Peer 1: 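First, the structure itself, so that you have it in front of you.
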Amino acid sequence: MVMAMGNAGNLDAEIEQLLNAEKHARLAGDVAATRNAVTEILRLCFEARAWNTLNDQIVLLSKRRGQLKQAVTAMVQQAMQYIDETPDIETRIKLIKTLNIVSAGKIYVEIEGARLIKKLAKIKEEQGHIAEAADLMQEIAVETFGAMAKTEKIAFILEQVRLCLDRQDYVRAQILSRKISTRVFDADVSKEKKKPKEGDNLVEEAPADIPSLPELKRIYYELMIRYYSHKNDYLEICRCYKAIYEIPSVKENPAEWIPILRKICWYLVLSPHDPMQSSLLNSTLEDRNLSEIPNFKLLLKQLVTMEVIQWTTLWDSYKDEFENENNVGKNLGDKAAEDLRERVIEHNILVISKYYARITLKRLAALLCLSVQEAEKHLSDMVVSKALVAKIDRPMGIVCFQSAKDSNDLLNSWAANLERLLDLVEKSCHQIHKETMVHKAALKV
């Protein structure tokens, strides 16, 4: 204890001397000397493991009258290096909170402030306080930081999105995800400015633990898959997997792209029929890599072929593949099997509408292998979602797939028919007149 008191006395004396030196340098406007003095004070406190004294000195130095920005920046940056050296979690949290107080509201240390919040949020998450960690991260708007590296900004926003998804705050997760433009992932890094011109804002380099742009792209789309899985939006999930599939590092490794291509095929089949789904379906069928998984190529071909698909035959063929997909990696969802059957029924109804103008409900139900009530329900759902145009005469039990024409279309068709009729009458009259003249000439002879 005597030695500790002696060391504490020496530390206080040394700090007092350095505080006097810092005061003279600060009043004289000597930036280098002020910076050296404050960093030396922090170093002495760290080496003596006097964490409370370190916190007190950081607050004291930052509040001194006319304190230089460069000195505060150097002090915060140096103190951040000591965070990982703290003996316990309470001391670490206390040091981070002290540095947050110092950097709050100061633009010249806004990047350091954001990094401190990220560290504190990580600690809170490890302690199981996910909601508190998410609230801490949401307070920081890194998209306004001009000096922060692009990759670090994206990584920070993705961390905000992840925490919101973890706490099941899907609305805020979507709002935060829109801060990232997907075009930034396709930017050519080689064309970016290497040396900034004089007068440009200097952009700091991203820390070593920040992932590269292709890795961030994959993280972004994986988070979006989590978001769209909550809504069961199969088409958007498919587009996310398609974006991951296009990453060069993924395309070069068959062990990575084969599972992703399988997921693309499944989610295409599960997606409701619309122009975007048709476009993706045809582009996927043209992919040469699809020949590596022939079962899925055959599955997609069945969807583009205008033929009725037998559900029982399809399910028997792909049941093992479907259950395999659910057991390995991210599953397709609890409703996926029901939705798959519904998509097959929708496909069959669209095929029937191409071949029939009118059909009885009994015949439609027989072709779909459903009861009349189920067939009517599925047909009605498709009409409501505007995937199909149809009318049901329930007393007669007849379905009509012809669309009702607009009054302008009817008038135009009548006008065109009248024009054709008049042309025909005129040609007929001309032919009759010609035959009459020929006959008269023959009689005169």
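Remember, it's a predicted structure, so these values are computed and weren't measured experimentally.
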Peer 1: Between Asn55 (side chain only) and Trp51 (backbone N and O only), is there a donor and an acceptor less than 3.5 Å apart?
Peer 2: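 A pair under 3.5 Å: yes.
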
Peer 1: Using side-chain heavy atoms (C-beta onward) and a distance below 4.5 Å, is Ile219 in contact with Pro211?
Peer 2: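 Side chain of Ile219 against side chain of Pro211, heavy atoms only: contact under 4.5 Å found.
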
Peer 1: Start with the C-alpha distance between Arg43 and Tyr82, add both sets of side-chain angles, then the distance that settles side chain to side chain contact (heavy atoms under 4.5 Å, CB included), and finish with yes or no.
Peer 2: CA-CA 9 Å; Arg43 188 187 63 78; Tyr82 302 152; 4.0 Å; yes

Peer 1: Please collect all ring-ring contact (aromatic ring centres under 6.0 Å, His included) contacts where either partner lies in residues 153-185, sequence neighbours excluded, each pair once.
Peer 2: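 Passing the test, one end in residues 153-185: Tyr170-His230, Phe185-Tyr220.
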
Peer 1: Has the side chain of Glu159 got a donor or acceptor atom that lies under 3.5 Å from a matching backbone atom of Lys118?
Peer 2: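 No.
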
Peer 1: Within the 4.5 Å heavy-atom criterion, are Ile123 and Ile96 side-chain neighbours or not?
Peer 2: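 In short, these two side chains touch, coming nearer than 4.5 Å.
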
Peer 1: Table please: side-chain donor-acceptor pairs of residues 303-318 below 3.5 Å, with sequence neighbours left out.
Peer 2:
from, atom 1, to, atom 2, distance (Å)
Thr305, OG1, Lys301, O, 2.6
Ser317, OG, Thr313, O, 2.9
Tyr318, OH, Asn295, O, 2.6
Tyr318, OH, Leu299, N, 3.4

Peer 1: First locate atom CD1 of Ile157, then atom CZ of Arg178, and finally report the distance between them rounded to the nearest 0.5 Å.
Peer 2: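 Nearest 0.5 Å value for the CD1-CZ distance: 14.5 Å.
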
Peer 1: Are the side chain of Ser279 and the backbone N or O of Pro275 linked by a donor-acceptor pair below 3.5 Å?
Peer 2: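 Judged by distance alone, no pair lies under 3.5 Å.
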
Peer 1: Which distance, rounded to the nearest 0.5 Å, do you find between the NZ of Lys97 and the CD1 of Ile101?
Peer 2: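 Answer for the NZ-CD1 pair, Lys97 versus Ile101, is 9.0 Å.
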
Peer 1: With Gln277, which residues qualify under side-chain hydrogen bond (donor to acceptor under 3.5 Å, both in side chains), at least two apart?
Peer 2: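 Gln277 satisfies side-chain hydrogen bond (donor to acceptor under 3.5 Å, both in side chains) with no residue once adjacent residues are dropped.
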
Peer 1: When you compare the side chains of Gln78 and Glu40, does any donor N or O come within less than 3.5 Å of an acceptor on the partner?
Peer 2: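 No donor-acceptor contact under 3.5 Å links the two side chains.
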
Peer 1: List the atom of Gln67, the atom of Ala71, and the distance in Å for their closest heavy-atom pair.
Peer 2: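 Reported closest heavy-atom pair: OE1-CB, 3.6 Å.
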
Peer 1: Charged N to carboxylate O under 4.0 angstrom, Asp88 versus Arg92?
Peer 2: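 Answer for the salt bridge query: no.
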
Peer 1: If we only count heavy atoms from C-beta on, is the Leu158 to Arg162 side-chain gap below 4.5 Å?
Peer 2: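 Contact flag for Leu158/Arg162 side chains = no.
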
Peer 1: Evaluate the side-chain proximity of Ile93 to Thr86: yes if any heavy-atom separation is below 4.5 Å, no if none is.
Peer 2: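 Result no, sub-4.5 Å side-chain heavy-atom pair not found.
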
Peer 1: Please determine if Glu236 and Lys231 form a salt bridge, counting it only when a charged side-chain N lies under 4.0 Å from a carboxylate O.
Peer 2: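 Salt bridge absent between Glu236 and Lys231.
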
Peer 1: Could you check if a side-chain atom of Glu16 sits within less than 4.5 angstrom of a side-chain atom of Asp12, using non-hydrogen atoms only?
Peer 2: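 SC-SC contact between Glu16 and Asp12 ruled out.
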
Peer 1: If the threshold is 4.0 Å, N to carboxylate O, is there a salt bridge linking Glu222 and Arg218?
Peer 2: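 Here Glu222 pairs with Arg218 in a salt bridge, since their nearest N and O are under 4.0 Å apart.
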
Peer 1: Is Asp30 reaching over with its side chain to a backbone N or O of Arg26, donor-acceptor style, under 3.5 angstrom?
Peer 2: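 Checking the backbone N and O of Arg26 against the side chain of Asp30, no donor-acceptor pair under 3.5 Å is found.
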
Peer 1: Answer yes or no: is there a donor N or O on one side and an acceptor on the other, between the side chain of Arg343 and the main chain of Leu270, under 3.5 Å?
Peer 2: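 Answer holds: yes.
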
Peer 1: Give a yes or no on whether a salt bridge exists between Glu292 and Arg262, defined as a side-chain N under 4.0 angstrom from a carboxylate O.
Peer 2: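 So Glu292 does not pair with Arg262 through a salt bridge.
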
Peer 1: Is it true that a side-chain atom of Lys106 and a backbone atom of Val102 form a donor plus acceptor pair closer than 3.5 Å?
Peer 2: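 Looks like yes, one N/O pair under 3.5 Å.
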
Peer 1: What about Tyr234 and Trp266, are their ring centers closer than 6.0 Å?
Peer 2: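 No, they do not, as the ring centres are separated by 6.0 Å or more.
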
Peer 1: Is it true that Asn289 and Lys251 share a donor-acceptor pair across their side chains at a distance under 3.5 Å?
Peer 2: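 No, no side-chain donor-acceptor pair sits under 3.5 Å.
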
Peer 1: Kindly write out the residues that satisfy side-chain hydrogen bond (donor to acceptor under 3.5 Å, both in side chains) with Arg172, not counting sequence neighbours, or none if the list is empty.
Peer 2: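 Per chain and number, Arg172 pairs via side-chain hydrogen bond (donor to acceptor under 3.5 Å, both in side chains) with Gln138, Asp169.
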
Peer 1: To the nearest 0.5 Å, what is the distance between CG (Asn348) and NE2 (His378)?
Peer 2: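 Interatomic distance, Asn348 CG to His378 NE2, rounded to 0.5 Å: 10.5 Å.
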
Peer 1: Please find the pair of heavy atoms, one from Ala337 and one from Phe322, that lie closest to each other, and give the distance.
Peer 2: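 Taking Ala337 first and Phe322 second, the nearest heavy atoms are N-CZ, 3.5 Å.
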
Peer 1: Check side-chain hydrogen bond (donor to acceptor under 3.5 Å, both in side chains) between Asn282 and all other residues, then give those that pass, not counting sequence neighbours.
Peer 2: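 Here no residue qualifies.
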
Peer 1: Report yes if the side chains of Leu99 and Ser103 come closer than 4.5 Å at any heavy-atom pair, otherwise no.
Peer 2: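 Contact flag for Leu99/Ser103 side chains = no.
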
Peer 1: Which pair of heavy atoms, one from Leu11 and one from Cys45, lies closest together, and at what distance?
Peer 2: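 Closest heavy-atom pair between Leu11 and Cys45: CD1-N, 4.2 Å.
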
Peer 1: I need the Trp257 CH2 to Ile264 CD1 distance, nearest 0.5 Å.
Peer 2: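 These two atoms lie 10.5 Å from each other.
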
Peer 1: Side chain to side chain contact (heavy atoms under 4.5 Å, CB included) between Val109 and Glu112: does it pass, once the steps are laid out?
Peer 2: CA-CA 5 Å; Val109 284; Glu112 286 78 9; 3.9 Å; yes

Peer 1: As an exercise, state the distance from CD of Glu346 to CG of Leu388, rounded to the nearest 0.5 Å.
Peer 2: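 It comes to 10.0 Å.
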
Peer 1: Does the pair Val399 and Lys391 meet the rule for a side chain to side chain contact (heavy atoms under 4.5 Å, CB included), with working shown?
Peer 2: CA-CA 6 Å; Val399 180; Lys391 284 187 177 180; over 6 Å; no

Peer 1: Where do Leu379 and Ala390 come nearest, in terms of heavy atoms and distance?
Peer 2: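 In terms of heavy atoms, the two residues are closest at CD1-CB, 4.4 Å.
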
Peer 1: Using only atom types and a distance under 3.5 Å, with no angle test, would you say the side chain of Glu215 pairs donor to acceptor with the backbone of Ser212?
Peer 2: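 Here the side-chain-to-backbone pair exists.
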
Peer 1: Taking atom NZ as the centre, does Lys69 end up with more than 12 heavy-atom neighbours from other residues, nucleotides or ligands that are less than 6.0 angstrom away?
Peer 2: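 Open: at most 12 neighbouring heavy atoms sit under 6.0 Å from NZ of Lys69.
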
Peer 1: Name all residues meeting the side-chain hydrogen bond (donor to acceptor under 3.5 Å, both in side chains) criterion together with Thr284; count only those two or more places apart in sequence or in a different chain, and write none if there are none.
Peer 2: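 Listed in chain order: Lys242.
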
Peer 1: Judged by atom type as modelled, is there a donor-acceptor pair below 3.5 Å linking the side chain of Gln160 to the main-chain atoms of Met137?
Peer 2: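 Looks like yes, one N/O pair under 3.5 Å.
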
Peer 1: Are any of the side-chain heavy atoms of Leu216 and Ile180 separated by less than 4.5 Å?
Peer 2: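 They are not in contact (no side-chain heavy atoms under 4.5 Å apart), so the answer is no.
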
Peer 1: Minimum heavy-atom separation for Leu54 and Leu42, please, with both atom names.
Peer 2: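 Result for this residue pair: CD1-CD2, 3.6 Å.
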
Peer 1: Working to the nearest 0.5 angstrom, can you tell me the gap between Ile345 CD1 and Leu370 CG?
Peer 2: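 Going from the CD1 atom of Ile345 to the CG atom of Leu370 covers 4.5 Å.
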
Peer 1: Does Arg239 reach the side chain of Tyr267, with side-chain heavy atoms less than 4.5 Å apart?
Peer 2: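 Not in contact.
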
Peer 1: Any idea which heavy atoms bring Pro214 and Ile247 closest together, and the distance?
Peer 2: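 In terms of heavy atoms, the two residues are closest at O-CD1, 4.0 Å.
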
Peer 1: With side chain to side chain contact (heavy atoms under 4.5 Å, CB included) as the criterion, how do Tyr356 and Leu367 come out once you've worked through the C-alpha distance, each side chain's angles and the decisive distance to 0.1 Å?
Peer 2: CA-CA 12 Å; Tyr356 289 88; Leu367 287 169; 4.3 Å; yes

Peer 1: If you draw a 6.0 Å radius around CD1 in Ile258, do more than 12 non-hydrogen atoms from other residues or ligands fall strictly inside?
Peer 2: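 It does: Ile258 CD1 has more than 12 such atoms within range.
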
Peer 1: For a quick check under 3.5 Å, do Tyr245 and Asp287 share a side-chain donor-acceptor pair by atom type?
Peer 2: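 On atom types as modelled, these side chains qualify, holding a pair under 3.5 Å.
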
